[in-house]
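Lettering of chains follows the sequences in order, A, B, ..., and the numbering in each one begins at 1.
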Amino acid sequence: MAQKPSIPKGTRDFSPAEVSKRNFIFETIRGQFQKFGFQAIETPSFENSETLMGKYGEEGDRLIFKILNSGDFLKKADSQALGQKDSHKITSYISEKALRYDLTVPFARYVVQHQNELEFPFKRYQIQPVWRADRPQKGRFREFFQCDADVVGSTSLWQEVEFVQLYDAVFTALGLKGTTIKINNRKVLSGFAEVIGESERLIDFTVALDKLDKIGEDGVKKEMQEKGISSEAIEKIQPIFNLTGSFSDKTEGLKDILATSEVGKKGIEELEFINSSLESLGLQTATLDLDVTLARGLNYYTGAIFEVAAPKEVKLGSIGGGGRYDDLTGIFGLKDMSGVGISFGLDRIYLVLEELNLFPETVAQNTKVLFINFGEKEALYGLKAIKKLRTSGITAELYPEDAKMKKQMNYANRREIPFVVLAGAEEMEQEKFTLKNMKSGEQFSVSVYELVEKLK
RNA sequence: GUGGUUGUAGCUCAGCUGGUUAGAGCGCCUGAUUGUGGUUCAGGAGGUCGCCGGUUCGAACCCGGUCUUCCACCCCA
């Protein structure tokens, strides 16, 4: 071995066992998506840069992987920009495609592009990898899968109610109990900013507020101050730090705080509708919680904002997020098309299930029986039985070489194949097979028919 | 993108203030055992010490760069 090969930072190879577990999550999510009436679409892994750039805020642009143009791309680059080593400027000359950063923006593009073929409200789901040029950490990769479900073409709040139920259904089906579905509303956040007279600094305000659980109340206030929010304003929003109790306790508190804000009141109304509906419908294993500090993905969300936290004992960021965006398709030229959707972070859900030991043992599909190879004639004899087993839906295989028994048995052992068939001259003569249970060590002499029956 | 951290055999890790041929456990291969694995015993293979450069008589160890890992920030699934 000269130089060990490697894979890029933040990417991973998946072993057979890992793939089995990942597929278990995929299939569970897919199953629930379909039950809720979503239909799958797929979009290209890369888009035209202009489709993605500017949709995720400044920070987002930095994290988008750009694809270098083909051919002699430097020839066309602006020589002045090149001379100045202005990376930002040069990028537009040498790269016109980029890897997708999430599934929502490509979906919006898809809706606009195919608007005449779609039936609205259009419910789609999409399970594909996305890429971010982020610095990796635990549960943070540069290539990871998102599982999205979105509805466009309906402003009905029943959609939000459905999505909370969908979250609950998926995590319940995965056996992951005790998740918290945090909900907030952009209108409430706008209301806060309005009430304190800092509407122009809405984003700075909410970004700071979002860090409450991380840096504490004083930290939040300090950051707000640094961003230029006045002390009077900070004083005014003090009550939001004191919101506690049940969902309705919090909405009652919000009513006082946002009494003078029309947007704010609208936001509270929406939250109350969603909560009371869900109280009647009930959730299986998840808990719905109002978290007014939740502000993620603010860039295009206009109504509800969702985020799912794993059970408390697992230290990991969110395992899902989503919200309503009233005008995402507007940037691609289609007005008045409200959308709402949620996303599941497959890779993080994997880490959580692994940490809590929640993967069912049955996820790994393995060969059920290995035929020991004793030579050419015996192999053929074995393969005839294997053919029958496979027709009956049993995974069976023949060891390809007539290697030493020890080696073949060892192979079965290591691959955790539960049964082995020994069929040599003796068995062939009697038209039998020796079936051995690798765990108990028991052996039986059986006919082909009995072999199929026993292994079913 | 900013600051820090990590890298020694397939895996988990030792390796003293720089000093001869770099070690352990597990795993792997061979044999004891030529149609019976997981146990045991005996033997064996396997490392340009992440990479590049520097300091030194001498570098796994010190210095610089680079890549990678993990962590904090930023941001986020």
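Residue-to-nucleotide contacts include a donor-acceptor pair under 3.5 Å from the side chain of A:Gln443 to the base of B:U36. For a distance-only test at 3.5 Å, the side chain of A:Arg135 fails to qualify as a donor-acceptor partner of the base of B:C71. Between the side chain of A:Asn410 and the base of B:G37, no donor-acceptor pair of N or O atoms lies under 3.5 Å. A donor-acceptor contact under 3.5 Å links the side chain of A:Lys436 to the base of B:U36. If you check distances only, the side chain of A:Glu427 does reach the base of B:G35 with a donor-acceptor pair under 3.5 Å.
Under the 6.0 Å distance and 45° angle rule, A:Arg132 does not count as a cation-pi partner of A:Phe144. For the pair A:Arg12 and A:Phe141, the cation sits on the ring face: its NZ or CZ lies under 6.0 Å from the ring centre, inside 45° of the axis. Both tests do not hold together for A:Lys368 against A:Phe419: distance to the six-membered ring centre under 6.0 Å, angle to the ring axis within 45°. Within the cation-pi definition used here (under 6.0 Å to the ring centroid, within 45° of the axis), A:Arg124 qualifies as a partner of A:Phe107.
Taking atom P in both B:G47 and B:G10, the straight-line distance is 8 Å, to the nearest Å. Separating the P atom of B:C52 from that of B:U39 is a span of 40 Å, rounded to the nearest Å. Taking atom P on both nucleotides, B:U66 is separated from B:G3 by 11 Å, rounded to a whole Å. Rounded to a whole angstrom, the distance from the P atom of B:C67 to that of B:C73 is 23 Å. Of the C1' atoms belonging to B:U5 and B:G50, the separation is 15 Å, rounded to the nearest Å. Look at the C1' atom in both B:U17 and B:C61: the space between them is 11 Å, to the nearest Å. B:C74 and B:U56 have their P atoms separated by 45 Å, with the value rounded to a whole Å. B:C49 sits 15 Å from B:U21 when the C1' atoms are compared, rounded to a whole Å.
Here A:Lys439 does not reach the OP1 or OP2 of B:G37: none of its side-chain N or O atoms lies under 4.0 Å away. OP1 or OP2 of B:C28 has at least one side-chain nitrogen or oxygen of A:Arg414 nearer than 4.0 Å. Under 4.0 angstrom from either OP1 or OP2 of B:G37 there lies no side-chain N or O belonging to A:Lys406. For the pair A:Gln408 and B:G37, the criterion of a side-chain N or O lying under 4.0 Å from OP1 or OP2 is not met. At the phosphate of B:C73, neither OP1 nor OP2 sits under 4.0 Å from any side-chain N or O atom of A:Lys211.
Between the side chains of A:Ser343 and A:Asp148, a donor-acceptor pair is found at a separation under 3.5 Å. Of the N and O atoms on the side chains of A:Arg142 and A:Thr11, not one donor lies less than 3.5 Å from an acceptor on the other residue.
Look at A:Phe344 and the base of B:A77; the rings do not stack under the cut-offs of 5.5 Å between centres and 30° between planes.
Looking at heavy-atom distances under 4.0 Å, A:Gly139 makes contact with a base.
Comparing B:G35, B:C73, B:C71 by their closest approach to the side chain of A:Lys138 singles out B:C71. Listed nucleotides: B:G35, B:G1, B:A72. Nearest to the side chain of A:Thr434: B:G35. Of the candidates B:C75, B:C73, B:G35, B:C75 carries the atom nearest the A:Glu59 side chain, counting heavy atoms from C-beta on. Side chain of A:Val207, nearest nucleotide from B:C75, B:A77, B:C71: B:C75. Distance from the side chain of A:Lys404 is smallest to B:G31 among B:G31, B:U68, B:G37.
Base pairing of B:A42 is made with B:U30, judged by Watson-Crick or G-U wobble geometry with both donor-acceptor distances under 3.5 Å. Pairing partner, B:U12: B:A24, with both Watson-Crick or wobble hydrogen-bond distances short of 3.5 Å.
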